[in-house]
Student: 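Please see the structure below; I have some questions.
A quick note: this is a predicted structure, and the numbers were derived from the prediction, not measured. Protein chains get the first letters and strands the later ones, always in sequence-line order, with residue 1 at the start of each.
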There are 2 protein chains.
Amino acid sequence: MKQKQSRQPDPARRVTAQDVAKKTGVSVMTVSRAMNNRGNVDAATRKKVLDAARKLGYSPDHVARSLVLRKTHTIGVVVPEITHSFFPEAIRGIEEVTYRSGYHLILTHSAEDAKREHDALRTLESKRVDGILISTAQSVTDDSVYREAIGRGVPLVFFDRVVRGIGATCVSIDDKESARMLTNHLIGHGYRRIAHLSGPTRVSIGRARLEGFRNAMDDHQLSVPPEFVVYSGFHETGGYKAMRMLLALPPERRPRAVVAVNDPAAFGAMMAILEAGLRIPDDIAIGGFSDDIRASLMPIPLTTVCQPAYEVGNQAAQALVNIIEGNPPQRDLITLGADLVLRRSCGCQPSEGIRRG
Amino acid sequence: MKQKQSRQPDPARRVTAQDVAKKTGVSVMTVSRAMNNRGNVDAATRKKVLDAARKLGYSPDHVARSLVLRKTHTIGVVVPEITHSFFPEAIRGIEEVTYRSGYHLILTHSAEDAKREHDALRTLESKRVDGILISTAQSVTDDSVYREAIGRGVPLVFFDRVVRGIGATCVSIDDKESARMLTNHLIGHGYRRIAHLSGPTRVSIGRARLEGFRNAMDDHQLSVPPEFVVYSGFHETGGYKAMRMLLALPPERRPRAVVAVNDPAAFGAMMAILEAGLRIPDDIAIGGFSDDIRASLMPIPLTTVCQPAYEVGNQAAQALVNIIEGNPPQRDLITLGADLVLRRSCGCQPSEGIRRG
DNA sequence: GGAGGACTTGTTAGCGTTAACAGTCGATGG
DNA sequence: CCATCGACTGTTAACGCTAACAAGTCCTCC
């Protein structure tokens, strides 16, 4: 067939700067300069190089470039669970920043598993990412992995589920303040006996929300009997079980309102309340966290704290990029405010009923 | 304080195999062999090397390794919109495969923009990913980008929004069949005048669902007047507007049932129907696609086609890894079946009412 | 008219790793 | 006793790119 086609020594071989150089009769260095729009290249030469590059389908090898420049323009992201509605939003916020600043994202997910998270961290480091954004897994009990990475000079920024006091920047929602705000709102409705469905205190958000709840109660000199703080974890079933325990109390010792650690727990609790033949908010009022997409669609729409996931990701990414580029942020604790979304479950009769969704 | 701490010439410098070699008195090659568990290393030497590596905090540089081995163990993923509930699920399915097979994921999102997708593709190629998983953006009109990448030998697998006939493996839901199934179900309820709220026909799912709808109608010798196929796009507002157009028809010429291209469009349409003072399904029945988390929570729960997003991602990743590792799949069209989730909006009175959520 | 400068291009070396080949050393066997 | 083998380890040369310096050309200016 074709006799004199342009020779291709190894079909699997990629086109390199060498090939472009040979074709245009300049050195690889000039090709490099032209491709990177460096000054000091004659306009005509640059054009010649760029044309040849396009014709040959040449694209500079970032791997080689990364090796020599000691910079990969890549950021590692570790999330505990990609499908948790919070994280896609947060990733979107991260992506917006990194896209603008020319970084790429290596996404790993720890499946809430400490070992898997640890592996992810090590591999990201081996991949020589320029920095890491991480939201910790629930099963992590030991900071040393993070400390060591930081010790080795890897820029690390925590977001949402943060670890404070080990020298890494943390971006999170002011959970304590939000829990306080929500609790205060319930107190404002006149409720005095308020219970808390809590998350694991090992995780920062679990701790902070419990604290904020306690603070608000303390501020109003309201007591919190020990049986009013029930562990529910982060899921529907936990919320359901925890609420059942509260409902097992004699009626006069039951709470009149409940602050749930998040919306799924609140949904579980609501189910338990309705099953017990009680009404929301007439018998028991309830509030949650995270403005789950379902919150506004429940039979009794759920009052909840709306967490700016996009904003958290955005700020965390911004902080990380700044650190990487040599402008470390002033404070290493960035907390964002959250909004209270008032719906019927707390006793409000919102004019509009639904704020989003 | 400490006088004789181990010297660190350049604090920013990472620990290399060289350092480990020097410390243990062997050559870098032996370090490499020990780290990679190659044979031909004395057990005692290996231990010595591994110990020193741990002590120094050495982790092999994947960038350098990738350069010499011409393999990055990294897969590029391009999705049009990370927050579309379908994609986090799909990514989860991808992640499961890649985690098991030792690949990492570079995630890019095109924001439904052709140019941004094009950039992402080029950069991924420059980053020398071993393969690419892509779900196309809506605004793409030209295949050549994909063809060229394939021409350059980049393994490419499409998932969900696929491009057929250009030599890449495609993994998608059998949308035509699903649309047909849904339409058949409505016909089974006795509806004859059925309309379709359509997506962009440029996108494969838009085309396929329209076709499946048409096929089902043809099979039953039911006519589809031109005004019964209304463009809605993929969002609530589009569905709302499209439904308004159908409702603007004189009552006797209105549809009795509607097949929406996806759930958000269906939600918009439902809002329009209810606003017009009509009842669902009594006056107009409706069905959607994707089993959006809200579908079961609507005032009238929505009958919908449940798409196995996790499975799509999983199969696509599996196919790509196979291609990369030299076992190309037999067929280059992999279609997965979907399930019909029956709820009230189509006229069914499901015993259980809610299937998931 | 020759020193100096501006602009462009080339040369050399090295980023950290591994493949391929080349030793080294003790043991084995005819 | 020396060739041979096998187990281990070292040496060299890439992989594709860019920084740093060197060198060439042409021009300017005292």
Student: From C-beta outward on B:N36, which listed nucleotide comes closest to its side chain: C:dT18, C:dG16, C:dG10?
Tutor: C:dT18
Student: Roughly how many Å is it from NZ in A:K22 to P in D:dG16, rounded to a whole number?
Tutor: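 Roughly 12 Å, once rounded to whole Å.
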Student: I want to check one thing: is the phosphate of C:dG16, taken as OP1 and OP2, less than 4.0 Å away from some side-chain N or O of A:R70?
Tutor: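 So the side chain of A:R70 is within the cut-off, an N or O lying under 4.0 Å from OP1 or OP2 of C:dG16.
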Student: Between A:R33 (CZ) and C:dT8 (C1'), how many Å, whole number?
Tutor: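 Atom CZ in A:R33 sits about 8 Å away from atom C1' in C:dT8.
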Student: Grab the NE2-C1' distance between B:H73 and C:dT17 for me, whole Å please.
Tutor: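 Those two atoms, NE2 and C1', are 14 Å apart.
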Student: Could you work out which one of C:dG16, C:dT9, D:dC17 sits closest to the side chain of B:V68?
Tutor: C:dG16
Student: C:dA20 P sits how many Å from B:R38 CZ, rounded?
Tutor: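 Distance check: B:R38 CZ to C:dA20 P gives 10 Å.
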Student: For B:K55, look at atom NZ and say whether over 12 heavy atoms of other residues, nucleotides or ligands are found less than 6.0 Å away.
Tutor: no
Student: Using a heavy-atom cut-off of under 4.0 Å over every strand shown, decide if A:V63 touches base, sugar-phosphate, or nothing.
Tutor: nothing
Student: Atom CG of B:L67 and atom C1' of C:dG14: how far apart are they, to the nearest Å?
Tutor: 12 Å
Student: Regarding B:E117 and B:R161, does a basic nitrogen lie under 4.0 Å from an acidic carboxylate oxygen?
Tutor: no
Student: Please state how far atom NZ in B:K71 lies from atom C1' in C:dG16, giving the value in whole angstrom units.
Tutor: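 Distance check: B:K71 NZ to C:dG16 C1' gives 20 Å.
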Student: Looking only at the side chain of A:V41 (C-beta and beyond, no hydrogens), which of the listed nucleotides C:dC15, C:dT9, D:dT9 gets closest?
Tutor: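 Ranking C:dC15, C:dT9, D:dT9 by closest atom to the A:V41 side chain puts C:dT9 first.
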Student: Rounding to a whole Å, what distance do you find between B:R65:CZ and C:dT18:P?
Tutor: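 Distance, rounded to whole Å: 5 Å.
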Student: I want to confirm an ordering. Mapping A:M29 and B:A64 to their closest nucleotides on DNA chain D, which one lands closer to the 5' end?
Tutor: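 Whichever sits nearer the 5' end wins; that is B:A64.
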Student: Would you say a side-chain N or O of B:T30 is under 4.0 Å from OP1 or OP2 of D:dG10?
Tutor: yes
Student: Indicate, with a heavy-atom threshold strictly under 4.0 Å, whether B:T45 touches base, sugar-phosphate, or nothing.
Tutor: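 Sugar-phosphate only.
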Student: In whole angstrom, give the distance that lies between atom CG of B:N40 and atom C1' of C:dT24.
Tutor: 14 Å
Student: With the threshold set at 4.0 Å, does a side-chain nitrogen-carboxylate oxygen contact exist between B:K23 and B:D19?
Tutor: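 Looking at B:K23 and B:D19, the cut-off is not met.
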Student: Would you please confirm or rule out a distance under 4.0 Å between OP1 or OP2 of C:dT17 and any side-chain N or O of B:S32?
Tutor: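 The answer is no; no side-chain N or O of B:S32 sits under 4.0 Å from OP1 or OP2.
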Student: Taking the side chain as everything from C-beta on, heavy atoms only, tell me whether A:V140 gets closer than 4.5 Å to A:V145.
Tutor: no
Student: Is B:L320 close to B:V97 at the side-chain level, that is, under 4.5 Å between some pair of heavy atoms?
Tutor: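 No, every pair of side-chain atoms sits at 4.5 Å or beyond.
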Student: Is any side-chain N of the basic residue among A:E96 and A:R100 closer than 4.0 Å to the acidic one's carboxylate O?
Tutor: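 Salt bridge absent between A:E96 and A:R100.
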Student: Should the heavy atoms of other residues, nucleotides or ligands under 6.0 Å from NZ of B:K115 be counted, would the total exceed 12?
Tutor: no
Student: Using five pairs at either end of the helix from C:dG1-D:dC30 to C:dG30-D:dC1, determine the angle between the two local helix axes and round it to 10 degrees.
Tutor: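 So the angle between the two local helix axes works out to 60°.
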